[in-house]
Amino acid sequence: MPEGQARFRRGGRCHGAVEGRHEGAGSDFIRDIVAADVAAGKNGGRVQTRFPPEPNGYIHIGHAKAFLLSYGVAAEHGGKFNLRFDDTNPTKEEQEFVDGIIEDMRWLGVDWDDRLFFASDYFEQLYEWAEFLIREGKAYVCDLSTEEISAYRGTAIERGGQIITPPGKDSPYRNRPAAENLGLFRRMRAGEFADGSRTLRAKIDMAHPNLNMRDPVMYRILRATHHRQGDAWCIYPTYDWAHGQSDAIEGITHSLCDLAFENHRPLYDWFLDNLPVPHRPRQIEFSRLNVTHTVMSKRKLRRLVEEGLVRGWDDPRMPTLRGMRRRGYTPEAIRAFIRGVGVTKAEGMVDFAYLEHCVRQDLNLRAPRAMAVLDPVRVVVTNYPEGKVEWLDAVNNPEDPGAGTRKVPFSRELWIEREDFMETPPPKFFRLAPGREVRLRYAYFVRCEDVVKDEAGNITEIRCTYDPATRGGDSPDGRKVKSTLHWVSAPHAVDAEVRLYDTLFLPERPEAAEGGDDWLSGINPESLTVLADCKLEPVLDEALPGGRFQFERKGYFVCDTDSVRGRPVFNRTATLRDTWAKAQASE
RNA sequence: UAGGGCGUCGCCAAGCGGAAAGGCAGCGGCCUUUGGAGCCGCCAUUCGGAGGUUCGAAUCCUCCCGCCCUAACCA
């Protein structure tokens, strides 16, 4: 089990302070089914699951829900988890994505030992089983075109404003003798026919109410170089024909997939029932994950990448695992999020705020703090000696005493956040203002004495005096200040670029936009803000890409791979909760 | 239309005939050298709707309504 051991089972409602949801995987209808199967001794009490990604793109947080579920279910029963690439369509699949998916899954802490498989490894077995079905009179070679197959299947048509679903019609090739089918099928494999000219179809029931059962296609002729098989094949199995049998070959006991395949389950079962398979897997469907303000289909994500709407699959705004990694999300936070949303058959849309909550909760405990001024304005401490520098003690993480302390340089000239000063402050503004005293974190109390402006009226400098008796930030006379500001010593500041992110889409449900490409119109033009003139305290110059910090009062940030020595780049993972900003926004 | 699913607080989600858990969001307050964190409190007389069965229903039955999926030689 990846995290924690406690299981929170049905009927075992937790009475203590810690509820199961936070400690273990919790329970859900799938775990209940699996537990019942184990209890009933099915499969000899064995549990084996799999995750079958198609290597045609990078995986996203929705895929994480799927493989974390399958991985978790197996782990909870001491079972096995397989990674199997579903590479049955050579025209769309690439090695690059195989490598990327493996990397992303490992990052999330998933382990499959030596059980890395490819559906293409089973092509020969699948072929043999296809011949078996032909000999049994349960599959036939069909010469109908795509359009004809669709028409014969009984595709829905509109008649007088009503949609009618006509029954299917048998293909004229449906009753070819087995021997003829066998010959034709072998010639299909041998490459004697043109692409798309024939298919092998299962002979099931053209009147079946479930369209998937109306003689589904098992093989199509397709001359394309496969990323692993090269040009060894010119016929390729369809998903329906490959999937259940691959599960059977691998000894999968519980084949978990999303609701889209619920309609396919009768077919999944039919193949297994009609073949001499070594094992009988069981398919169970659950609802896929949706998160507000983003899109979750590989097709759409690919579109964003290809049209340059984002900077790549690993753009920090993307819901891809590489994007989230670059954004600074931790594997632990993602796992907590997936655990938290649960597993059901109800299709929902999880609030992005919940994802943010999960990262904050994790990072609050682990991220070392540092001071960074994102939008700097100069402060001169007029009564502080010129040239003097003091290295003051700062706590690295108030949530973790073990994180220790560090030294922060203080001097006469400082940077503070432009928004932390107001010449004419509104009633609830606690920060710096003319005549007002505030605390500079870990340093001194300072009082604003004067403001210097340029001819345009912009503030160029805030002049303050400090109280030497408040060194470290405490006043011996018990004097209180209303706020504490973060700051950076100007001569010691590290110049940096900081990238702020907002949701990629403005609407909660971008895909709800009517038809076509309308979902693209929901793109947030301000999803990325680049701050080129930020001032960081010295320790941050030593940050390594991937290093996460809390910039005090500003949020969680991660060092980006674009960083160079002396000019670090940071991505904002998430803001801190900000009740002041909220109060202002509600005015 | 046919077939398959789903409908419990703004968002997730427990609940499985004895009578509405929890988390997120929101709202108050306490505390605070991060307007962060933490802590305390509030937040569904009601479970898509209507009937019915029952001493008792979110849980069982009937009908109705709404939403999603499939109708690729994609997965």
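Just so it is clear: chains get the letters A, B, ... in the order the sequence lines come, proteins before strands, and each one is counted from 1. These numbers come from the heavy atoms of this one structure, side chains and all, not from hydrogens, waters or symmetry mates.
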Next on the checklist: So A:Met218, base contact, sugar-phosphate only, or nothing? Heavy-atom distance under 4.0 Å.
Outcome noted: nothing
Next on the checklist: Please enumerate all residues that pass side-chain hydrogen bond (donor to acceptor under 3.5 Å, both in side chains) together with A:Lys554, with sequence neighbours excluded.
Outcome noted: A:Glu419
Next on the checklist: What's A:Phe429 touching, base or sugar-phosphate or nothing? Going by heavy atoms closer than 4.0 Å.
Outcome noted: base
Item to check | P spacing across the pair B:rU8 / B:rC47, given as an integer number of angstrom | outcome: 12 Å
Next on the checklist: My understanding is that only residues two or more places apart in sequence, or in another chain, count here; which of them pass side-chain contact (heavy atoms from CB on, under 4.5 Å) with A:Val481?
Outcome noted: A:Glu437, A:Arg439, A:Phe445
Next on the checklist: Going by purine N1 to pyrimidine N3 plus the second Watson-Crick contact, or the G-U wobble pair, all under 3.5 Å, which nucleotide sits opposite B:rA72?
Outcome noted: none
Checklist outcome for this item: Mate of B:rU62 across any strand shown (Watson-Crick or G-U wobble, both atom pairs under 3.5 Å) is B:rA50
Checklist entry - With the sugar-phosphate defined as primed atoms, P, OP1 and OP2, and the base as all remaining atoms, what B/S/- string results for nucleotides 67-75 of chain B, 5' to 3', for protein heavy atoms under 4.0 Å? => result -SBSBSBBB
Checklist entry - What pairs with A:Tyr239 under ring pair (Phe, Tyr, Trp, His ring centres under 6.0 Å), at least two apart in sequence or on another chain? => result A:His243, A:Phe261
Checklist entry - Would the A:Phe557 and A:Phe570 ring centres measure less than 6.0 Å apart? => result no
Next on the checklist: If the condition is side-chain hydrogen bond (donor to acceptor under 3.5 Å, both in side chains), which residues does A:Asp375 pass it with, not counting sequence neighbours?
Outcome noted: none
When you compare the protein's N or O atoms with those of nucleotides 24-32 of chain B, which come within less than 3.5 Å of each other, and at what distance?
unit_1 : atom_1 : unit_2   : atom_2 : d
B:rG26 : OP1    : A:Lys582 : NZ     : 3.0

Item to check | A:Phe193: ring pair (Phe, Tyr, Trp, His ring centres under 6.0 Å) partners, not counting sequence neighbours | outcome: none
Checklist entry - For A:Glu356, which contact category applies under a 4.0 Å heavy-atom criterion: base, sugar-phosphate, or nothing? => result nothing
Checklist entry - For B:rG35, does either OP1 or OP2 sit under 4.0 Å from a side-chain N or O belonging to A:Arg553? => result yes
Next on the checklist: Tell me whether the rings of A:Tyr122 and A:Phe117 are parallel (<30°), tilted (30 to 60°) or perpendicular (>60°).
Outcome noted: tilted
Checklist entry - Across all strands shown, which nucleotide pairs with B:rG38 by Watson-Crick or G-U wobble geometry, both distances under 3.5 Å? => result B:rC30
Checklist entry - Whom does B:rA44 pair with, Watson-Crick or G-U wobble, provided both distances fall under 3.5 Å? => result none
Item to check | Aromatic ring proximity, centroids under 6.0 angstrom, A:Phe97 and A:Tyr58 | outcome: yes
Item to check | ring pair (Phe, Tyr, Trp, His ring centres under 6.0 Å) partners for A:Tyr127, two or more places apart | outcome: A:Phe185
Next on the checklist: Heavy atoms only, 4.0 Å cut-off, all strands: where does A:Arg214 land among base, sugar-phosphate and nothing?
Outcome noted: nothing
Check nucleotides 64-66 of chain B for protein N or O atoms closer than 3.5 Å to its own N or O atoms and list the pairs.
none

Checklist entry - How is A:Arg431 classified with respect to the nucleic acid when contacts are heavy atoms under 4.0 Å: base, sugar-phosphate, or nothing? => result base
Checklist entry - Separation of A:Lys169 atom NZ from B:rA2 atom C1', in whole Å? => result 18 Å
Next on the checklist: Suppose we screen for side-chain hydrogen bond (donor to acceptor under 3.5 Å, both in side chains). Which residues come up paired with A:Arg265, at least two apart in sequence or across chains?
Outcome noted: A:Glu285
Next on the checklist: So, does A:Ser483 get its side chain near the phosphate of B:rG35, meaning an N or O under 4.0 Å from OP1 or OP2?
Outcome noted: no
Item to check | Counter-base of B:rC16, judged by Watson-Crick or G-U geometry with both distances under 3.5 Å | outcome: none
Next on the checklist: Restricting to ring pair (Phe, Tyr, Trp, His ring centres under 6.0 Å), what partner residues turn up for A:His486, sequence neighbours left out?
Outcome noted: none
Item to check | Partners passing side-chain hydrogen bond (donor to acceptor under 3.5 Å, both in side chains) against A:Glu148 (at least two apart in sequence or in another chain) | outcome: A:Ser145
Checklist outcome for this item: Under a 3.5 Å limit on both distances, the Watson-Crick or wobble mate of B:rC11 is B:rG23
Checklist entry - When the C1' atoms of B:rG38 and B:rG4 are considered, how many whole Å apart are they? => result 49 Å
Next on the checklist: Once you apply a heavy-atom cut-off of 4.0 Å, does A:Thr344 come out as touching a base, just sugar-phosphate, or nothing?
Outcome noted: sugar-phosphate
Next on the checklist: Is there, by distance only and without an angle test, a donor paired with an acceptor across the side chain of A:Glu262 and the base of B:rG3 below 3.5 Å?
Outcome noted: no
Item to check | Atom P, compared across B:rC43 and B:rC65: separation rounded to whole Å | outcome: 37 Å
Checklist entry - Hey, does A:Pro167 reach any base, or is it just sugar-phosphate, or nothing, if we go heavy atoms under 4.0 Å? => result nothing
Checklist entry - In terms of the angle between their ring planes, are A:His60 and A:His63 parallel, tilted or perpendicular, with boundaries placed at 30° and 60°? => result tilted
Item to check | Conformer about C1'-N of B:rA72 - syn within 90° of 0, anti elsewhere | outcome: syn
